[in-house]
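See below for the structure under consideration.
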Amino acid sequence: MKKILIIISVIMISIFAMLSASAADINDIYYVAADENVNTEITPQTVSGKTYLFLPSSADLSKLVLMSDAENKEYTISADKTATATFGTETDILSLFNDVSALNGEYKVKLTSGDETKDIIIMKSENIKTLFITSEDPANKGRAWIDKSKDNKAKGNIVFVDADGSVINADEMTEIKARGNSTFTDFDKKAYQFKIKNKFNMTGDENNAQKKWVLLANAGDITLIHNSLVTTLAKDLGLPYTIDNTPVDLYYDGEYRGSYLLTDKVEVGEENVDIEDLDGLIEEANEDTDAYENPVVVVKTTASKGEETAETDSAGSYKYVDGLKEPELSEGCSHHGYLLELDFIYRYPDEQSGFVTDRGQAVVTKNPEYLTKDTGAFISQFYQDFEDAVFSPNGYNEKTGKYYYEYCDLDSLVKIYLINEYTKNYDSYRSSTFFYLPEDEDIMYAGPIWDYDLCFTTGYDYNSQIAGNPENFWAASKYLASTLITIESFRDAVKEYLNSEDGIFYKEAEKMLGEDGNIMTYSQNIYASQRMNFKLWDITHDETAAFRCGDAPIYENAIDFLLQYAEKRLEWLSGITSGWEDQRYSAPMD
C-alpha cells in the first residue's frame, strides 16, 4: 500500500512539474539580443493590459528565436496563419501574416504551449543602437529604486549593441543615477547619468572616449528629435564643445524603457569643455582639508567683493566653501578657468557654490563645484562687470572702460541667442545656459548648448498660442537678450547672420528643412523606435507637448507641423531683423 501511495505521489509530482513547466514556457519567455557572454535578455511587459515584446533593431523577425527555461519545448504561434516551433530555434514571424504592411509595426500573435495560451504584441525598432543596463542588485537597487530619488545610486553592467546585432562595448557600470530638474519632477520617463569603468566612445566620434554618459529622455518632446536637431545646428555653426549624441533604445533590467538620446555631458574635460579643471586643482590643494570632504556644513555667503557678509542668496552676493586653500595659478595666467550656468533662482539654494548678480540672476559654477573665497570673488566680479556692460547704454561699462564683447565673445553670444530665438527655447537665459572662461584668456564664451527638448512648440503649458506662433520674438524678452538686441553692434551681427542670401545662421538652419533636411532624416531614422516609445510614454495627447498637431496629434502630424513651423519661423526672423534700424526693436514679443 505504501509503495502504491509513493508511486501515486511521484506521478502527481511529475504531473504538477509538467504543468508548471508548461506554464513557464509561455509566461517566462524571453529574447536574447546578443551572444551568451553578455546580458541582453528582454522579457515581455504589460502595458495598458496588453503584453508586448519590444525588440531592438538587431532582431530579425523572419528568424526570431524565442527562449524559455524549457529549451526545445514545442509551441505553436499563430496570427493569420499558424506555425509550430520550439523554444531556442528560429521562427518566421512575418510569414504568419497575410499583409505585413498593414500592421503598422505591431505583430499580434498567439502563443500556445501545453495548456497555456498567451496573446503577445511584438514590436521592433530599426536603424538605431541599443543600450542594455543590468543592475548589480535588481531586487533592491534596480530601476524602480533609481527612479525614486536623484540621490539613489547603483552599480551594474552595460552592453552596447549596434543595429546589426554586434556588441560595440560591454563594461562594468560603476554608477547610475536619475538626473534632470523638470524632467525628473514632471515626467514619469526618467533621464539617467551613468559611468562605465573604462573610457569608451559611445557616440561614434573617435575623439570622444569618456567614462561618464547621459541618457536624455526627451520626455516632453513628441518629435524626440529637438535635441538632435539643435546640437547639429550648433556644430554646423562652429560652436566649440558642442556635445555628441546618438539615439538609442534603452533596456533596463530586461525591460524596454523607451527611445533615448545617448550623449556626453557639458563639463570640463579634454573631450568636453577643454579648459583648466579648477575643481581638480582645488581638490588637489585641499587633500588634507576637512572643508573639502564636508562642504555642506561650512558653506556661507558673502558680498560680491568678498569684503563683508551678505544675506544668503541675495543679489550681488556669492557663496564659497569656507576654509579651503586657494589653488595655485599656472605660470603666466592671471586667473583660473570657469564653467558657468545660468539657472532659476529657486534652485540656487541647493547649490554649494555660485553667485547672484546685482539684477538677481543666479549663476552656478559647474566647475569648480566648490568655490574658494578668492576664486569666488574673481568670477562673480568678472561676470558682474559683463552684466553691467550689457545693461549699460551701448553695451559699455564706464567703470571698467570695456564693452560687453570684451567680456564675452560676440560671435558665440550672437549664435547662442539666435539658436534660442529660432527655436523659442523654453529655458532661454533662465536655465541650462552656459558660459566658459578659459584660464589663459580675458574673454569668456557663450555655450555649449544644452537641453533643448522643450522648444519648437513644446513645453509652453501656459499659452499654446505663444509656442504655436512662428512669428514674434521669444528669447529677446529674457535676461541678457532683452537688452543685447538694443545694442547696435549686436543687432548688426544678428541681421548679418540671418541674411537670407549669405547669413551663416540662415544657411545652417536651412539644413533642417525640406524633404531631405535634418527634420525628415532624423524623424525617419527613429520612426520605429518612437512607435515603441509611445506605447510606454504616450504624450501624443498632452496639450503641452503636441497641442498644435491637429485633432489626432500623432507622430507624423507633429513632424509635419515642426517642418512647417521651422521654415516659417526662419523666414519671419530673417525678414523682421533685416528691417532693424531704430535703437529699440519694434517687433511684437511673446
Side-chain angles (χ1 to χ4, degrees), residues 199 207-212 238-243 264-293 295 298-299 302 304-307 318-342 351-355 357 363-387 389 397 400-413 433-448 450:
K199 283 187 175 183
N207 298 316
N208 196 30
Q210 301 189 49
K211 292 184 178 181
K212 186 184 298 181
L239 283 169
Y241 310 131
T242 302
I243 58 173
D264 50 345
K265 188 178 180 181
V266 175
E267 61 181 1
V268 170
E270 291 182 3
E271 293 82 16
N272 303 96
V273 181
D274 192 11
I275 62 175
E276 177 188 62
D277 181 12
L278 179 53
D279 195 40
L281 293 178
I282 292 175
E283 182 178 9
E284 183 180 345
N286 290 273
E287 290 179 339
D288 57 348
T289 304
D290 184 62
Y292 193 89
E293 296 299 325
V298 291
V299 171
T302 63
S304 61
K305 298 292 190 300
E307 296 170 351
Y318 79 93
K319 53 185 177 182
Y320 66 95
V321 177
D322 191 27
L324 289 179
K325 297 177 182 178
E326 298 293 340
E328 292 185 5
L329 284 165
S330 300
E331 186 176 352
C333 285
S334 59
H335 62 80
H336 293 286
Y338 299 84
L339 177 62
L340 311 176
E341 180 186 10
L342 306 185
E351 300 292 341
Q352 299 291 347
S353 297
F355 52 92
T357 72
V363 183
V364 177
T365 52
K366 305 305 289 187
N367 191 307
E369 182 180 6
Y370 304 141
L371 284 167
T372 63
K373 185 175 182 179
D374 288 353
T375 57
F378 170 80
I379 191 57
S380 62
Q381 189 62 58
F382 180 92
Y383 187 89
Q384 187 61 61
D385 290 341
F386 164 64
E387 182 187 76
N397 187 328
T400 62
K402 298 173 75 172
Y403 285 94
Y404 72 99
Y405 52 76
E406 294 179 272
Y407 288 104
C408 186
D409 169 65
L410 180 60
D411 180 72
S412 63
L413 200 59
T433 302
F434 285 87
F435 293 87
Y436 60 93
L437 175 65
E439 71 281 3
D440 57 348
E441 297 184 33
D442 291 326
I443 190 169
M444 67 179 177
Y445 298 83
W450 180 252

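Position 1 is the first residue of the sequence; numbering continues from there.
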Set of residues satisfying side chain to side chain donor-acceptor pair (under 3.5 Å) with respect to [X], sequence neighbours excluded:
X	answer
Glu284	none
Glu328	none
Tyr407	Thr400
Lys265	Gln193

Using a 3.5 Å distance criterion without hydrogens, assess whether the side chain of Glu326 forms a donor-acceptor pair with backbone atoms of Asp374.
yes
Could you tell me whether the side chain of Thr375 and the main chain of Leu371 form a donor-acceptor pair under 3.5 Å?
no
What residues form a salt bridge (Lys or Arg N to Asp or Glu O under 4.0 Å) with Glu267, not counting sequence neighbours?
Lys212
ring-ring contact (aromatic ring centres under 6.0 Å, His included) assessment of Tyr436 paired with Phe434:
CA-CA 7 Å; Tyr436 60 93; Phe434 285 87; 9.8 Å; no
Rounded to the nearest 0.5 Å, how far apart are [atom1] of [X] and [atom2] of [Y]?
X	Y	atom1	atom2	answer
Asn286	Leu281	CG	CG	11.0 Å
Leu324	Glu283	CG	CD	11.0 Å
Asn208	Asp264	CG	CG	4.5 Å

For residues [X] and [Y], determine if any side-chain heavy atom of one lies less than 4.5 Å from a side-chain heavy atom of the other.
X	Y	answer
Tyr445	Tyr241	no
Phe382	Met444	yes
Leu239	Pro448	no

Where does the angle between the aromatic ring planes of Tyr383 and Phe386 fall among parallel (under 30°), tilted (30 to 60°) and perpendicular (over 60°)?
perpendicular
Verify side chain to side chain contact (heavy atoms under 4.5 Å, CB included) between Tyr318 and Ile379, making sure each step is shown before the conclusion.
CA-CA 9 Å; Tyr318 79 93; Ile379 191 57; over 6 Å; no
Would you say Glu387 and Gln384 are linked by a side-chain donor-acceptor pair, where the criterion is simply a distance under 3.5 Å?
yes
Check Ser334 against Asp442 and note the closest heavy-atom contact, atom names and distance.
OG-OD1, 3.8 Å
side-chain contact (heavy atoms from CB on, under 4.5 Å) filter on Asp277, not counting sequence neighbours, yields Val268, Asp279, Asn367
Any chance you could lay out the side chain to side chain contact (heavy atoms under 4.5 Å, CB included) test for His336 and Ile282, step after step, and finish with the verdict?
CA-CA 11 Å; His336 293 286; Ile282 292 175; over 6 Å; no
Result for side chain to side chain contact (heavy atoms under 4.5 Å, CB included) between Tyr405 and one of Leu413, Ile443, Asp411, Leu410 points to Leu410
